[in-house]
Each structure stands twice: as structure tokens, then as C-alpha cells.
Amino acid sequence: MSTITNTSEKNASAFVHIPVLSRELIARLKINPGGHYLDATIGGGGHSRLILETFPDVKVTGIDRDERAIAAAKANLAEYGAERLTFWQGNFADYQPENVRYDGIIADLGVSSAQLDIPDRGFSFRHQAPLDMRMDRTQSLTAADIINDWDEEKLAKIFYEYGEERLSRRIAKQIVRQRPFQTTTELAEAIARCVPPKYRYGRIHPATRVFQALRIAVNQELESLERFLDKAPYWLKIGGRIGIISFHSLEDRIVKHRLRDSPLLEVLTKKPITPQPDEEAQNPRSRSAKLRLAQRKET
Ligand SMILES: C[S@@+](CC[C@H](N)C(=O)[O-])C[C@H]1O[C@@H](n2cnc3c(N)ncnc32)[C@H](O)[C@@H]1O
């Protein structure tokens, strides 16, 4: 995730980006100065900008499943022109490159701060909004469908597995008793009531884990990541590198295992790379970031 401050949705070029772990990512990708790179999660274009700016002959293809992110990246990176920068809108798990092998592939997983800050998206319990949470708004499943239609057991399962929420059963029971829910804030209040008062005002809001679980379920984030990592090594040139930044243990586990188990890859990071204290201080959202890299072998 990177910090992207959305000042106005109409003015995409006003997004401000602080890409996470960018020094480490760019250094460890060992960029080929004439190469072609795939940014599988272009977002507002923070990481891609650094690559395009630092290496004037490099080309980038940017993917995002969110049409607003693609619009923001197009506006923010317009100066690099279509010769150097192309886009593909969709789920990176469904991507299939045509007649190209990349010198490197990057992905910076999850949602951007811009998405969290767009009130109508419903990603955050801090804004009152419909329970939506779709990154790709052409998809039909929304968070409201899950909360209002799924049975108690299935809800408890995703809260536990995707949110690592210890009170998953109690919260699921309360939701089923109280539904239907229309908005993020109604749901967050119901969740907070399930939590013993002494935890209600802790460091993180009591709805944080359930909201993470819902977002992962709505966007099928873990399945998409698995499908992407199964295919991506085949899109690399020999010697090309792949770097993935993840933000929670479920994603990191998938990245670690998929990179390690791919017959085409040699892992370059035994332990994940994490942000330096100066980055953490400047950008608190970078704190949970982990970067893993691997290189395409000669096979
Ligand atoms: C953390 S942001 C990336 C920010 C970007 N690196 C930057 O510096 O501006 C993650 C982006 O990935 C997109 N995304 C997440 N999962 C995706 C998927 N399965 N396929 C395509 N895009 C995805 C989100 O819509 C979001 O815009």
C-alpha cells in the first residue's frame, strides 16, 4: 500500500503519492536501463513514476482493476507519453501479456489510501458510506451482499480467516441478528458493541479486522494473488526480477510460498525487506509493509 491522498476525485492529478519501500524496491529490481517493466498495481503511479523518472529509456505497463486508479495514473504520468507507458484495466490475475517478456514485475498489494479516502467506496468505517468495497465497480458482489445474505457460519469463517478476528463468532451472530445493514458506520457500531468495553477504545478500532476481512472477500484478494503469482514468473525474461510488497500476514504467506515453490524462480530475500525507521516515521502506513523478491532462472 502507498499513501495517496485524494484531494479531489475530479482532479486525478491532485493525488499525492508516497510509494512504500520504493528505494529498496528500485535498488533490488536491478533495473535494465532499456527494459520493459510491469507494474501490476499501478494505483496513482507512485512506483512507476520513480522508475520512469530514474531510467529515461525504460517502458512501463501499468495494471489496475480500479478505473479511477487508472485515470489517476494516466493523469499523473501523462508526461511520459504512450511510447513509454501503457495501461491495462482489470484484475492482475486475468492479465495475459501479448508478445512481450518483462525485465521486471512489481506489485504493491491491497488498497491505496486514495481508495480508502474516497467516501463513497465504503472501504473505511471512518466515512459513512454504502457497504460497497469493490475495487472494480463492474463486479456485482458488494460488502452489503456478504453482510446481509451470507449465513452466520460463513461470516464467522471469513472474519476469522481473513481478519484474524478472535471474536468472529460473536460478531457474526450479532450481525445476523441485527441485519440488514446499509452503511459502513452502522456496521462498525454493531461490531464495536460486541467487544468488551475495555477493548473498545484500544489502539485499533474494533471494526478494523472485520473490515479487512470483508474487503478481502469482496475483491477475492487472496485467490487473485495466488493466480497472479502462478502465472507471473512465465512473463519474465531470464534474469528478470519480481518484487511484491504485502501488508498483512495472509498475503505475505502466499507471496513467500509461491515465490519459493515456483520452478522458474530463485528467491532473493530469505527474510522480507521492511521499511527503515525514517520511512516508518514519515509514513506510518508503511509499518506493516514487507517486500519479497525473486529472479527468473535459466530453465
Ligand atoms: C497500494 S495501491 C498501489 C499504489 C502504487 N504502487 C503507487 O505507488 O501509487 C494498490 C492498487 O492495486 C490495485 N489492485 C489491488 N488488487 C488488484 C488486482 N487483483 N488486480 C489489479 N489491481 C489491483 C488497487 O486498485 C490499488 O489501486
Side-chain angles (χ1 to χ4, degrees), residues 1-6 9 12-26 29 37-54 60-77 80 85 87-97 104-118 121-123 132-139 141 162 212 215-232 243-248 250-251 254-255 258 275 279 283 285-291:
M1 181 167 22
S2 59
T3 299
I4 301 173
T5 309
N6 175 28
E9 201 194 324
S13 59
F15 278 46
V16 177
H17 316 270
I18 309 174
V20 167
L21 284 168
S22 49
R23 283 176 301 209
E24 293 83 352
L25 180 64
I26 306 297
L29 273 178
Y37 286 77
L38 179 69
D39 182 347
T41 54
I42 195 159
H47 285 112
S48 281
R49 169 180 289 285
L50 274 174
I51 296 175
L52 290 160
E53 213 168 61
T54 318
V60 170
T61 295
I63 297 179
D64 207 291
R65 68 198 296 192
D66 183 337
E67 83 281 3
R68 293 197 238 190
I70 293 277
K74 278 187 180 163
N76 290 335
L77 304 174
Y80 299 106
L85 184 59
F87 292 94
W88 187 83
Q89 190 192 326
N91 187 336
F92 52 47
D94 297 328
Y95 181 65
Q96 197 47 59
I105 298 175
I106 60 173
D108 172 21
L109 302 171
V111 278
S112 64
S113 304
Q115 287 166 320
L116 290 172
D117 290 344
I118 296 173
R121 285 301 183 87
F123 283 116
D132 186 328
M133 297 198 189
R134 289 170 300 171
M135 290 186 201
D136 172 356
R137 288 184 304 169
T138 61
Q139 153 188 324
L141 182 75
Y162 297 165
Q212 173 183 301
R215 196 199 81 207
I216 292 175
V218 168
N219 296 290
Q220 302 185 335
E221 291 181 28
L222 304 181
E223 297 88 327
S224 296
L225 180 59
E226 284 172 347
R227 287 204 288 129
F228 166 67
L229 290 176
D230 284 345
K231 298 200 287 185
I244 312 284
I245 299 171
S246 66
F247 289 86
H248 54 78
L250 301 166
E251 284 174 345
I254 293 172
V255 176
R258 286 297 202 272
E279 179 170 8
N283 181 9
R285 281 182 176 169
S286 70
R287 274 183 203 147
S288 53
K290 289 197 169 109
L291 166 64

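In this chain, residues are counted from 1 in sequence order. Side-chain atoms are counted along with the backbone in the values below, which use heavy atoms only and exclude waters and symmetry mates. Whatever order the structure lists ligands and atoms in, that order sets their numbers, starting from 1.
Atoms of ligand 1 found under 4.0 Å from any heavy atom of I42, numbered from 1 in the order shown, are 5 (C), 7 (C), 9 (O). Numbered from 1 in the order shown, with element, the atoms of ligand 1 that lie under 4.0 Å from a heavy atom of A69 read 27 (O). Under a 4.0 Å criterion applied to the non-hydrogen atoms of M135, ligand 1 contributes the atoms 14 (N), 15 (C), 16 (N), 24 (C), 25 (O). Per-residue contacts place L109 under 4.0 angstrom from the following atoms of ligand 1 (heavy atoms of the residue considered): 1 (C). Within ligand 1, the atoms closer than 4.0 Å to a non-hydrogen atom of G46 are 7 (C), 8 (O), 9 (O), numbered from 1 in the order shown. Proximity to G90 (heavy-atom distance under 4.0 Å) selects the following atoms of ligand 1: 20 (N), 21 (C). Every atom of ligand 1 with a heavy atom of P19 under 4.0 Å away is listed here by number and element: 8 (O). Close approach of ligand 1 to G44 is summarised as follows: ligand atoms under 4.0 Å from at least one heavy atom of the residue are 9 (O).
Among the atoms of V111, none of the N or O lies under 3.5 angstrom from an N or O of ligand 1. Below 3.5 Å of separation, one finds an N or O of H47 facing an N or O of ligand 1. The shortest N or O to N or O distance between G45 and ligand 1 is below 3.5 Å.
The shortest separation from a heavy atom of G110 to ligand 1 is under 4.0 Å, placing the residue in contact. Note on ligand 1: Q115 sits in its first shell, one or more heavy atoms being nearer than 4.0 Å.
Between S48 and L77, some side-chain heavy-atom pair lies under the 4.5 Å cut-off. L29 has its side chain out of reach of H47: every pair of non-hydrogen atoms, C-beta onward, lies at least 4.5 Å apart.
Taken from CZ in F123 to CE in M135, the straight-line distance is 5.5 Å, to the nearest 0.5 Å.
Distances from atom 24 (C) of ligand 1 to the heavy atoms of V20, N219, D66, D64 put D64 nearest. Selection from G62, S112, A114 by nearest heavy atom to atom 2 (S) of ligand 1 gives S112.
Among residues two or more places apart in sequence or in another chain, the side chain to side chain contact (heavy atoms under 4.5 Å, CB included) test is passed with A232 by I105, F228, W235, I242.
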